[in-house]
Amino acid sequence: MSKIKMPKSSVSIDMTPMVDMAFLLVTFFILTTQFRPDEPVQVVTPSSTSVSNPPEHGKIIVTIADDGRLFFDLDNQVFRKSLIEKMGDSYNIAFSVDEVNAFATGSSIGIPMGGMKNYLDMSPEERKKVEQPGIPVDTTQNLSNELGVWIVNARIAGNNPVILIKGDSKSNYPAVKNVFKTLADRKVTKFGLITADEAAPVEPIK
Amino acid sequence: MAELESGGDGHKGKKRGGVRAKKMSTRIDMTPMVDLGFLLVTFFILTTTMSKPKAMQVVMPDKDVKDSTQMSKIRESEAMTILLGSNDRIFYYYGQTQPTVEVTYFNKVRKIIKDKNEEVLALQKANGWQSNGNYNGVYIGIKPTDESKYENLVNMLDEMKITGIRSYAILDPSAEEIEMLPK
């Protein structure tokens with residue numbers, strides 16, 4: 001009896017569609033990805049069912065770490081230049097062009113004004129290693145409440161930015177209260193709390 | 001042995017005619033390219049941040065407006081105070097005078113708020129208590145104590161949104177209120 005011979009199929013398969021798909025995905029991710037900027041502290045935000053997106057540009061972000069340290073961020077380089085100059089005026093510190101540029105290209109910052117000049121004079125690698133002590137805040141309206149001065153100057157420098165608070169879910173309320181109070185003292189009554197996504201409850205509530 | 005023999009075989013095996021280039025296959029091996037492609041896909045999938053952060057809008061009471069003018073309009077039966085305590089506990093009481101403080105947790109508070117809101121709405125509709133032409137429902141003061149966490153506040157604000165409470169405010173607890181709380 002003769003065996004039925006199966007036609008020997010080719011071992012190599014046509015990979016073209018798969019390659020097309022792969023490169024389509026690569027292109028998609030290259031175009032949509034946004035690298036998250038260096039942040040001096042990792043913050044886990046609480047989740048909420050809010051759906052409004054904060055604006056991409058023109059915002060002040062006050063970060064509250066879980067140990068209560070505060071960090072300040074304004075997002076545009078041009079605004080940041082004018083912000084650090086205004087901060088220098090407020091505290092009588094003259095920043096050189098290099099220092100202004102170093103600040104402008106940075107991101108969230110938690111250095112008291114007293115140490116700002118030293119910090120900006122460092123090389124970028126050194127700056128990353130610095131353990132930032134956080135921006136001083138208290139309940140006064142004086143220069144000792146540096147967060148208040150930052151906010152006032154950033155609102156002038158930043159072309160009416162949106163103010164957002166990015167708090168760690170485990171930070172204690174007094175730290176948050178100080179920020180709220182500082183904002184209220186500066187006549188900021190509307191602001192946003194940055195939260196992570198959370199699905200709305202399934203059961204509709206009237 | 002075979003090699004030796006073939007070496008000495010002379011020109012017998014050689015093809016006649018001109019030197020013809022070997023016909024190359026038109027298919028190229030795409031495996032390295034595919035490898036690289038998927039490596040990139042994996043890299044971008046892992047580094048990309050797909051979920052954009054959301055912002056919850058908060059409006060704080062203006063400090064310069066005297067609270068008493070606003071607060072005096074609220075009837076005692078319409079008011080509810082929520083205190084956020086330590087260890088994710090929630091204390092709440094209705095009205096203002098001689099309140100009895102009760103304790104609850106985040107998994108139960110939604111129903112409490114909802115029930116109270118419906119009760120107050122019914123009361124407002126029965127008596128025609130409108131403010132600016134609306135029945136506002138219960139007025140809630142959220143008072144986070146110093147022992148509470150930021151998460152508690154955000155969750156409570158979220159509950160306000162979920163239950164559809166129209167009027168609420170973040171306030172500081174008074175000394176008497178802190179005194180009332182069980183340790």
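Basis for what follows: all heavy atoms, side chains included, without hydrogens, waters or symmetry-related copies. To find a chain, count down the sequence lines: A is the first, B the second, and so on, and within it residues start at 1.
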(message) So that I can tick it off, tell me whether A:Lys181 and B:Asp172 are bridged by a salt bridge, with the cut-off set at under 4.0 angstrom between side-chain N and carboxylate O.
(response) no
(message) Can you tell me which portion of B:Val41 sits under 4.5 Å from chain A's heavy atoms? Options are side chain, backbone, both or neither.
(response) both
(request) Indicate the atoms forming the closest heavy-atom contact of A:Phe23 with B:Gly37, along with that distance. (result) CZ-CA, 4.1 Å
(message) Just so I know, are the side chains of B:Phe44 and A:Thr27 near enough to count as touching, which here means a heavy-atom distance under 4.5 Å?
(response) no
(message) Looking only at heavy atoms and a cut-off of under 4.5 Å, which of A:Pro174, A:Ser171, A:Ser169 has the most pairs with chain B?
(response) A:Ser169
(message) Less than 4.5 Å to any heavy atom of chain A: does that hold for the side chain of B:Asn152, its backbone, both, or neither?
(response) neither
(request) With a 4.5 angstrom heavy-atom cut-off, could you sort out which part of A:Val176 is near chain B: side chain, backbone, both or neither? (result) side chain
(request) Search all heavy atoms of A:Ile194 against all heavy atoms of B:Tyr150 and return the closest pair with its distance. (result) O-OH, 4.5 Å
(request) Kindly give the heavy-atom pair with the smallest separation between A:Lys170 and B:Lys149, and that separation in Å. (result) O-CD, 3.4 Å
(message) So for B:Leu84, is it side chain, backbone, both, or neither that comes closer than 4.5 Å to the heavy atoms of chain A?
(response) neither
(request) Using non-hydrogen atoms and a 4.5 Å limit, figure out which bit of A:Lys190 sits close to chain B: side chain, backbone, both or neither. (result) both
(message) To the nearest 0.5 Å, what is the distance between CD on B:Glu151 and OG on A:Ser47?
(response) 7.5 Å
(message) With a 4.5 Å cut-off on side-chain heavy atoms, are A:Met18 and B:Phe38 touching?
(response) yes
(message) Need one label for B:Leu36: side chain, backbone, both or neither, based on atoms under 4.5 Å from any heavy atom in chain A.
(response) neither
(request) Go through the atoms of B:Thr145 and report whether side chain, backbone, both or neither lie under 4.5 Å from a heavy atom of chain A. (result) backbone
(request) Against chain B, label A:Asp168 side chain, backbone, both or neither, depending on which of its atoms sit under 4.5 Å from a heavy atom there. (result) backbone
(message) So for A:Ile30, is it side chain, backbone, both, or neither that comes closer than 4.5 Å to the heavy atoms of chain B?
(response) both
(message) Please identify, among B:Val34, B:Asp146, B:Leu40, the residue contributing the most non-hydrogen atom pairs under 4.5 Å to chain A.
(response) B:Asp146
(request) Please flag which part of A:Thr16 lies under 4.5 Å from any non-hydrogen atom of chain B: side chain, backbone, both or neither. (result) both
(request) Kindly give the heavy-atom pair with the smallest separation between A:Pro46 and B:Val154, and that separation in Å. (result) CG-CG2, 3.7 Å
(request) Examine whether an atom of A:Leu164 lies under 4.5 Å from a heavy atom of chain B, and if so say whether it belongs to the side chain, the backbone or both; otherwise answer neither. (result) side chain
